[in-house]
Amino acid sequence: MNLSELNELDFENVGSWPLPVKLAAVVLLFLLILAGGYYFKTSDQLVQLEKLEKKEATLKQEFSKKQARAARLPAYKAQLDEMQLILQSMLRQLPGKTEMPDLLVDISQTALASGIKNELFEPGAEVIKDFYAEKPITLRMIGTYHQFGAFVSGVASLPRVVILTMHDISLKPAGKGAEPNKLVLEGTAKTYRYLDEDEFTTLQEGKGK
């Protein structure tokens, strides 16, 4: 069939077309249907598949990381238990509840023995923390730089481990009329003790409510 014959085809009467033309038309229609199906459905599915493949790769990486952390969990747990034992051992070196009154007296007496004048040494209300208690002390002391150094050294040498931290402390010259080289230390110091077993149990039960 030549080009002139193709031009003479009656599109309103397809049944009159020659058999080769009919076959060619069916194949062309089939190819058009396949192309349309790919464009409207398969291409979207391929895009979705690509996204899912990327998500799968990300999830595999996350799983590998979590699996590695899970494998190390027993070792971490053992380290945590060891650290808790060390912490408890260190806390036991702090003074206990019954020792706190004597400790405050020892601190005050250490200041006096160092030549420091205690114009104010006023313990405040105790504050309970997670596993220890802190005792604030409002201070106003007068002494020389070396006397304050001797006081700190004396506190460090007390029989019990004493932690004395300073808060809102000011240190300034005593002013006119005072002895030469005298300094005034004012502010709040805090010392600490460990909670005994009953106190710790009561604290934990209170948190659980």
Side-chain angles (χ1 to χ4, degrees), residues 69-70 72-209:
R69 284 198 292 266
R72 293 194 295 266
L73 184 60
Y76 288 151
K77 194 171 182 180
Q79 289 179 358
L80 179 60
D81 292 340
E82 183 179 356
M83 291 172 63
Q84 288 178 336
L85 290 174
I86 293 173
L87 176 61
Q88 290 298 322
S89 176
M90 294 175 64
L91 287 174
R92 294 301 174 186
Q93 298 180 40
L94 293 174
K97 184 176 182 179
T98 58
E99 297 172 295
M100 185 59 74
D102 291 336
L103 176 64
L104 295 175
V105 173
D106 289 342
I107 294 174
S108 178
Q109 292 298 320
T110 301
L112 294 175
S114 302
I116 293 173
K117 180 181 178 182
N118 285 335
E119 288 196 343
L120 180 64
F121 189 91
E122 183 179 345
E126 197 171 64
V127 180
I128 303 297
K129 299 294 185 178
D130 289 338
F131 49 85
Y132 65 92
E134 63 180 29
K135 185 79 170 179
I137 307 168
T138 304
L139 301 173
R140 179 179 168 83
M141 297 178 167
I142 300 177
T144 65
Y145 176 83
H146 293 291
Q147 287 171 337
F148 283 119
F151 167 63
V152 173
S153 178
V155 170
S157 64
L158 290 174
R160 262 296 190 183
V161 173
V162 179
I163 298 177
L164 194 65
T165 59
M166 301 296 182
H167 304 266
D168 301 322
I169 289 292
S170 66
L171 185 64
K172 55 187 177 182
K176 294 181 180 180
E179 296 180 35
N181 301 323
K182 289 290 184 179
L183 301 172
V184 178
L185 184 146
E186 289 183 289
T188 300
K190 292 182 181 180
T191 189
Y192 306 85
R193 69 170 180 85
Y194 70 85
L195 299 180
D196 60 33
E197 188 172 345
D198 291 339
E199 288 178 307
F200 186 77
T201 300
T202 301
L203 180 65
Q204 295 303 312
E205 290 176 350
K207 288 183 176 181
K209 294 181 180 179

Got a salt bridge between Arg193 and Glu134, using NZ or NE/NH1/NH2 to carboxylate O under 4.0 Å? no

Non-hydrogen side-chain atoms of Phe148 and Val152 separated by less than 4.5 Å: no

Rounded at 0.5 Å granularity, tell me how far NZ in Lys97 sits from OH in Tyr194. 11.5 Å

Output, in order, the C-alpha distance, side-chain angles, deciding distance and verdict of side-chain contact (heavy atoms from CB on, under 4.5 Å) for Lys190 and His167. CA-CA 8 Å; Lys190 292 182 181 180; His167 304 266; 3.4 Å; yes

Value for CG (Asp168) from CD (Glu186), rounded to nearest 0.5 Å, stands at 12.0 Å

With a 4.5 Å limit on heavy-atom distance, are the side chains of Tyr192 and Lys129 in contact? no

Tell me whether the count of non-hydrogen atoms from other residues, nucleotides or ligands lying under 6.0 Å of CG in Asp81 goes above 12. yes

OG1-CD distance between Thr191 and Glu126, expressed to the nearest 0.5 angstrom: 10.0 Å

In short, Pro136 meets Ala125 closest at the heavy-atom pair CD-O, 3.2 Å

Say whether, by atom type as modelled, one donor and one acceptor occur between the side chain of Ser108 and the main chain of Val105 under 3.5 angstrom. no

Of all heavy-atom pairs linking Leu139 and Phe121, the shortest is CD2-CD1, 3.3 Å

Is Lys135 atom NZ crowded by more than 12 heavy atoms from other residues, nucleotides or ligands, each under 6.0 Å away? yes

Just one of Ile116, Ile142, Leu171 clears the side-chain contact (heavy atoms from CB on, under 4.5 Å) bar with Leu183, so which one? Leu171

Flag the pair Asn181 / Tyr145 as yes when at least one side-chain heavy-atom distance between them is below 4.5 Å, and no otherwise. no

Going by heavy atoms in the side chains, are Lys182 and Thr144 under 4.5 Å from each other? yes

Distance check, rounded to the nearest 0.5 Å: Ser114 atom OG versus Gln147 atom CD? 7.5 Å

Rounded to the nearest 0.5 Å, how far apart are CG of Leu185 and CD1 of Ile169? 4.5 Å

Within this structure, what is the CD-OG1 distance for the pair Glu122 and Thr188, rounded to the nearest 0.5 Å? 10.0 Å

Ignoring hydrogens and geometry, is there a side-chain-to-backbone donor-acceptor pair from Lys172 to Val184 under 3.5 Å? no

Do side-chain atoms of Ser153 reach the backbone of Gly149 as a donor and acceptor pair under 3.5 angstrom? no

Quick one: do Tyr76 and Arg69 satisfy side-chain contact (heavy atoms from CB on, under 4.5 Å)? Show the steps, please. CA-CA 9 Å; Tyr76 288 151; Arg69 284 198 292 266; 5.7 Å; no

